[in-house]
Amino acid sequence: MKCTNCGFEIDDNDVYCQHCGAEIVDTNQTSNEVQEKKKKRRSSKDDDGKNNLSLILKLAAAVVVVILIIIIIVSAVASSSASKGRKIFDKIPLGRDAAIIISETGAEFLTGESSEYSVVNYIADYDHICESEKSVTVDGIKLPEWAVLLRENSSGSVEEAVLYNFSILKHSWMGEKAASKIEASAVEFGSKIKAAERAIGLKPYTIIKESAENTSTYVYRYHYVDDESGNNFVMNFYVIVNDVDGKVVDVREEQLDYLNLILHAE
């Protein structure tokens, strides 16, 4: 049929002329039929709009899922890298010949103060070192993500082992942010180290095993803003555990000064 306004050839079911836009009036159709055509046209447009919105929402959801998967993978890889040093450290028994211990860990230890990072050689005395292949930057200073250090006595037996988890400081040399000062009373004497860590809500920056004392010292670094003075304080929080029964025997703390020693552990 033709448009009654411009004469353009149109489809019999068209409500409006696609050429001039005029409403099509077919004298052979009743007003009810015309209204029904209009309703179908509007319904078709509404369905198209709903379908487009549904497609957009599905695409957005897919993008969010992909981003979450990437975050989970990155976090898992980072966690795996940091835990490698802890696994090596946990395998080290004290009081045995260094060569035997190194062989049993299956890790590559370098002899002497031979870290690739000069700061590590500066902050600690050691006889053997194993450190991560990956590095982190702490306030412009490049460090390994973790390092395991061994110190021998005069007879060649390992008397001290130290784990540094420098990845804890990757966001700031001040360590993790706490809402307020952590009180020593938060840790219950006689509790296990996992219970102590749940109580303070921190991960250890350093762990020190000493054969002479038969203890392990867990060092947690954090900072908080004092409500009264408004000053920012940086603290090392120490939890000392007896290696025989694995229970907390002492808790102490120390306030740090950046100018004194940026990576001071003890």
Side-chain angles (χ1 to χ4, degrees), residues 75-117 119-121 123-136 138 143-170 175-176 187 190-198 200 202-221 236-250 263 265-266:
S75 299
V77 171
S79 176
S80 175
S81 177
S83 65
K84 183 179 179 180
R86 180 63 182 271
K87 289 178 180 178
I88 294 171
F89 179 78
D90 287 342
K91 291 180 181 178
I92 298 172
L94 300 181
R96 299 180 63 187
D97 184 78
I100 295 175
I101 291 177
I102 292 172
S103 175
E104 290 181 348
T105 63
E108 183 180 353
F109 278 83
L110 301 176
T111 302
E113 296 186 2
S114 50
S115 171
E116 296 181 11
Y117 308 88
V119 175
V120 176
N121 297 326
I123 65 174
D125 294 325
Y126 60 91
D127 298 297
H128 306 276
I129 184 171
C130 177
E131 54 192 7
S132 65
E133 296 179 356
K134 295 183 178 181
S135 63
V136 292
V138 180
L143 292 161
E145 284 189 340
W146 55 264
V148 178
L149 286 61
L150 305 180
R151 184 182 297 165
E152 299 175 341
N153 57 24
S154 57
S155 63
S157 298
V158 175
E159 63 179 4
E160 182 179 87
V162 182
L163 169 67
Y164 283 100
N165 185 6
F166 292 115
S167 64
I168 294 291
L169 309 181
K170 63 183 178 181
E176 301 182 68
V187 178
S191 64
K192 297 289 187 178
I193 186 62
K194 288 186 177 180
E197 290 184 345
R198 285 195 296 269
I200 62 179
L202 300 174
K203 296 179 181 179
Y205 155 58
T206 307
I207 305 176
I208 307 164
K209 292 195 289 190
E210 298 178 280
S211 60
E213 301 294 333
N214 209 23
T215 59
S216 292
T217 301
Y218 293 74
V219 186
Y220 306 85
R221 180 169 297 179
N236 269 356
F237 192 91
Y238 300 82
V239 178
I240 297 88
V241 176
N242 188 305
D243 287 337
V244 176
D245 57 15
K247 294 182 179 179
V248 175
V249 295
D250 194 14
L263 296 172
E266 297 185 288

By side chain to side chain donor-acceptor pair (under 3.5 Å) - contacts of [X] (at least two apart):
X: E197; answer: Y220
X: E152; answer: H128
X: T105; answer: none
X: D250; answer: none

Would you say the side chains of Y126 and N121 form a donor-acceptor pair under 3.5 Å? yes

Going by distance alone, is a donor N or O of one side chain under 3.5 Å from an acceptor N or O of the other, for T215 and D243? no

Heavy-atom distance under 4.5 Å between the side chains of [X] and [Y], does that happen here?
X: I207; Y: F89; value: yes
X: I193; Y: V239; value: yes
X: I88; Y: F109; value: yes
X: N214; Y: V244; value: yes

Residue list, side chain to side chain contact (heavy atoms under 4.5 Å, CB included) with [X], at least two apart or on another chain:
X: S155; value: N153, S157
X: K192; value: K247
X: S114; value: L110, I129

Sequence neighbours left out, cut at 3.5 Å: what donor-acceptor pairs do the side chains of residues 91-103 make with other protein atoms?
unit_1 : atom_1 : unit_2 : atom_2 : d
R96    : NH1    : E104   : OE1    : 3.1
R96    : NH2    : E104   : OE2    : 3.1
D97    : OD2    : A99    : N      : 3.0

Identify the heavy atoms of [X] and [Y] that sit nearest to each other, and give their distance.
X: A196; Y: V248; result: CB-CG2, 4.3 Å
X: I208; Y: E160; result: CG2-OE2, 3.9 Å
X: A124; Y: Y164; result: CB-OH, 4.0 Å
X: P144; Y: V136; result: O-CG2, 3.9 Å
X: P204; Y: Y218; result: CB-CD2, 4.3 Å
X: E116; Y: E131; result: N-OE2, 3.1 Å

Residues forming a salt bridge (Lys or Arg N to Asp or Glu O under 4.0 Å) with D90, sequence neighbours excluded: R86

Test K170 against L143 for side-chain contact (heavy atoms from CB on, under 4.5 Å), laying out the working first. CA-CA 9 Å; K170 63 183 178 181; L143 292 161; over 6 Å; no

Between atom [atom1] of [X] and atom [atom2] of [Y], what is the distance when rounded to the nearest 0.5 Å?
X: N236; Y: Y205; atom1: CG; atom2: OH; result: 7.5 Å
X: C130; Y: E108; atom1: SG; atom2: CD; result: 7.5 Å
X: Y238; Y: R221; atom1: OH; atom2: CZ; result: 8.0 Å
X: T206; Y: L163; atom1: OG1; atom2: CG; result: 7.5 Å
X: K203; Y: E176; atom1: NZ; atom2: CD; result: 7.0 Å
X: E213; Y: N242; atom1: CD; atom2: CG; result: 10.5 Å

If only atom types and distance count, is the side chain of R151 paired as donor or acceptor with the main-chain N or O of D125 below 3.5 Å? yes

What do the steps show when you test L150 against D127 for side-chain contact (heavy atoms from CB on, under 4.5 Å), and what is the final call? CA-CA 6 Å; L150 305 180; D127 298 297; 5.9 Å; no

I would like to know whether V187 and I200 meet side-chain contact (heavy atoms from CB on, under 4.5 Å); could you show each step before the answer? CA-CA 7 Å; V187 178; I200 62 179; 3.7 Å; yes

Could you walk me through whether F166 and V120 satisfy the side-chain contact (heavy atoms from CB on, under 4.5 Å) test, starting with their C-alpha distance in whole Å, then the side-chain angles of each, then the deciding distance to 0.1 Å, before giving a yes or no? CA-CA 10 Å; F166 292 115; V120 176; 4.2 Å; yes

